[in-house]
Amino acid sequence: MMNIKRAVGLALIILISTSVAMPVQAFGQKKWTIGYEENTNGPEKKVQGTNGWYFMYSEEVNAGGEFNASTAKECVWADKGSCWMWYDYDAMWVPDIYAADGYDCLASNCWWRMDGNGIMDPNVTEGAVRSVIAWAAPEDGTYSINIDYTAGSMPFNLYGKKYDEGDGLTLCLSTDTNTVEKVFCGVGPDTGRKVIENIPTGNLSKTLTLKKGEKIYISADPGENGGSDIATIKAEIIQEEGESVRSYLLTILAAGIAVIAFLLILSVVLFLRRKKTDWDYEDYEEEEE
């Protein structure tokens, strides 16, 4: 009798654990982040399109907070980007026009870079292009987008030279068809040092219904003068509705029904076993009499 109870208890524990763990794991896969030390379904360096992430640029600048997605082009991965000797890493995403061998960032005043994890730096005094991070929806559904940013123009001194160009930049959250959120980030205070925390910070949030393959775009428009412009973002995208979410809910429902059915069957079995014991005991007493 004790072995049966232990077996039933063990089976119940396994069933409940499985019904809880499986949907939690499935739900955890419907989150995408960029800009964090450890990203959930984030991008991979050197590869466009992993987990839906793309690194792009657009020559549409100083557009008053609007963004035409059709102007976006994919960046290329450069082992030595336009400003490789002046940063603590060599490789980065750059527009192909800045990826040529021997490109001289000092001669052109081009310090454009995109590190693949939230830094968008359209820092070019003349001829700047817009930095763009894009993400494509894996299926039809509703997605919440939350973006924390630090962005603007950052005056500073470097090796005795003063860098005070820049007229601020505009961050835009857009889809393939329209701009849904935008914010202008101005010029930070001139502290003489290159300290990004001195420029504007804030948040952009929106919930969007997207078709499979439809992209959202997070872009940094440097305006007329891109000198000293920089933006860093931490973006989180969570799927709120869609086929995967419905499957998750159906899994929970099915698991709940299975657990309830199991408990009902277990209760009936235990009840019948108890009644059988009572009946056997009554028969025994009658035989004794």
Side-chain angles (χ1 to χ4, degrees), residues 32-36 39 43 53-72 75 93 111-125 128-137 142-156 164-191 194-210 214-238 240:
W32 299 262
T33 59
I34 189 172
Y36 295 87
N39 290 308
W53 294 100
Y54 295 86
F55 299 92
M56 313 180 80
Y57 72 98
S58 170
E59 296 177 274
E60 179 193 52
V61 296
N62 201 27
E66 298 303 316
F67 177 59
N68 182 355
S70 67
T71 65
C75 288
W93 292 105
W111 306 87
W112 205 100
R113 63 170 174 156
M114 188 146 54
D115 75 336
N117 196 30
I119 290 180
M120 296 188 291
D121 193 351
N123 181 358
V124 184
T125 304
V129 299
R130 184 190 301 230
S131 304
V132 183
I133 296 175
W135 179 81
T142 301
Y143 300 85
S144 62
I145 299 102
N146 186 70
I147 304 165
D148 292 322
Y149 65 82
T150 301
S153 296
M154 180 171 52
F156 62 94
D164 57 358
E165 302 93 346
D167 50 3
L169 63 80
T170 302
L171 280 180
C172 302
L173 173 61
S174 311
T175 66
D176 285 325
T177 55
N178 65 298
T179 299
V180 293
E181 291 287 336
K182 58 187 176 182
V183 60
F184 176 74
C185 303
V187 180
D190 187 352
T191 64
K194 194 172 184 179
V195 182
I196 192 171
E197 288 77 8
N198 289 333
I199 59 180
T201 62
N203 175 270
L204 292 174
S205 298
K206 197 70 176 179
T207 298
L208 299 172
T209 299
L210 303 172
E214 187 176 1
K215 288 186 176 72
I216 63 166
Y217 302 85
I218 306 164
S219 66
D221 180 355
E224 187 175 355
N225 186 331
S228 301
D229 286 355
I230 187 171
T232 65
I233 65 165
K234 290 185 176 181
E236 179 182 80
I237 303 169
I238 298 176
E240 304 289 351

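Using a distance-only test at 3.5 Å, with no hydrogens or angles considered, no donor-acceptor pair links the side chain of Asp148 to the main chain of Ala235. Panel note: side chain Asp121, backbone Arg113; no donor-acceptor pair is recorded below 3.5 Å. The closest donor-acceptor contact from the side chain of Thr179 to the backbone of Phe67 lies under 3.5 Å.
The distance between the ring centers of Trp135 and Tyr143 falls below 6.0 angstrom.
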- Could you check Ser144 against Glu240 for side-chain hydrogen bond (donor to acceptor under 3.5 Å, both in side chains), going step by step and ending with a plain yes or no? CA-CA 7 Å; Ser144 62; Glu240 304 289 351; 2.9 Å; yes
- Query: Going through the distances and angles, do Asp176 and Tyr217 end up as a side-chain hydrogen bond (donor to acceptor under 3.5 Å, both in side chains)?
  - Reply: CA-CA 8 Å; Asp176 285 325; Tyr217 302 85; 2.6 Å; yes
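The number of heavy atoms from other shown groups lying within 6.0 Å of CD (Glu66) is above 12.
Looking at Met120 and Ile233, their side chains come closer than 4.5 Å, going by heavy atoms from C-beta outward. For the pair Val132 and Tyr57, the minimum side-chain heavy-atom distance is 4.5 Å or more. For the pair Ile147/Leu173, a side-chain contact is recorded, criterion being any heavy-atom separation below 4.5 Å from C-beta on. The closest side-chain heavy-atom distance from Asn117 to Ile34 is below 4.5 Å. Using a 4.5 Å cut-off on side-chain heavy atoms (C-beta onward), Asn39 and Trp32 make no contact. Using a 4.5 Å heavy-atom threshold, the side chains of Asn203 and Glu181 count as separate. You'll find the side chain of Pro43 stays beyond 4.5 Å of the side chain of Trp93, heavy atoms only. Leu208 places a side-chain heavy atom less than 4.5 Å from the side chain of Ile216.
Listed here is the closest heavy atom pair of Gly166 and Asp229: CA-OD1, 4.0 Å. Taking all atoms of both residues into account, the shortest heavy-atom contact from Gly152 to Pro200 is CA-CD, 4.5 Å.
Judged by the 6.0 Å and 45° rule, Lys215 forms a cation-pi pair with Tyr54.
A side-chain donor from one of Thr175 and Asn178 sits under 3.5 Å from a side-chain acceptor of the other.
A salt bridge is defined here as a Lys NZ or Arg NE, NH1 or NH2 lying under 4.0 Å from an Asp or Glu carboxylate O, and Arg130 with Glu60 meets this definition.
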